[in-house]
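Working notes, structure below.
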Amino acid sequence: MAFFITRLKVGDYDAWKPVFDADGPGARRSAITHRILRNVEDPGEVFILVEFQSVDEAKEGRQRLLDAGILDRFEDKSGPTIVEVAEEKIY
């Protein structure tokens with residue numbers, strides 16, 4: 001499994017969410033699942049975790065997102081960064 005994680009200050013979450021759901025760039029085309037996490041102190045800041053079967057698929061999804069330029073509209077952002085699970089412990 002591999003993931004890409006992105007942090008964005010989207011401002012108005014309700015206005016941003018339909019654009020995310022449309023996935024115009026096709027960044028999640030081969031994804032297994034995704035999660036959107038919201039900052040409880042700043043609901044306009046989101047963390048997006050997209051899961052893929054392989055690093056290569058994650059890289060392809062990230063490249064589609066970057067090529068589309070959709071992230072360029074956000075001044076405050078980081079990622080998308082490709083990550084893998086280093087350790088998992090279920091409590």
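Quick note: residue numbers are just sequence positions, from 1. Both backbone and side-chain heavy atoms feed into the values below; hydrogens, waters and symmetry mates do not.
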Side-chain polar contacts of residues 27-35 - donor-acceptor pairs under 3.5 angstrom, sequence neighbours left out - could you list them?
residue, atom, partner, partner atom, Å
R28, NH1, F20, O, 3.2
R28, NH2, F20, O, 2.8

Salt bridge (Lys or Arg N to Asp or Glu O under 4.0 Å) pairs touching residues 61-74, sequence neighbours excluded, are none
For D56, check side-chain contact (heavy atoms from CB on, under 4.5 Å) against everything at least two apart and list the hits. S54
Among residues at least two apart in sequence or on other chains, which ones pass ring-ring contact (aromatic ring centres under 6.0 Å, His included) with F3? none
Who clusters with L37? Use side-chain heavy atoms, under 4.5 angstrom, across I, L, V, M, F, W and Y, and order the result by chain and number. F47
Can F4 be reached from L66 by stepping across I, L, V, M, F, W or Y side chains whose heavy atoms are under 4.5 Å apart? yes
Are V50 and I36 linked, directly or through other ILVMFWY residues, by side chains that come within less than 4.5 angstrom of each other? yes
Output a table of donor-acceptor pairs, distance under 3.5 Å, between side-chain atoms of residues 77-89 and any protein atom two or more places apart or on a different chain; print 'none' if there are none.
residue, atom, partner, partner atom, Å
K77, NZ, L71, O, 3.3
K77, NZ, F74, O, 2.9

For P43 versus V46, what's the shortest heavy-atom pair and its separation? O-CG1, 4.5 Å
Let me have the donor-acceptor pairs involving side chains of residues 5-17, under 3.5 Å, with sequence neighbours excluded, atom names and distances please.
residue, atom, partner, partner atom, Å
R7, NH1, E45, OE2, 3.1
R7, NH1, D76, OD1, 3.2
R7, NH2, D76, OD1, 2.7
K9, NZ, D42, OD2, 2.4
D12, OD1, D14, N, 3.1
D12, OD1, A15, N, 3.3
K17, NZ, D21, OD1, 2.6
K17, NZ, D21, OD2, 3.0

Taking side chain to side chain donor-acceptor pair (under 3.5 Å) as the test, write out the residues that go with E60, two or more places apart. none
Taking side chain to side chain donor-acceptor pair (under 3.5 Å) as the definition, give me every residue that meets it alongside E57, ordered by chain and number, with sequence neighbours left out. none
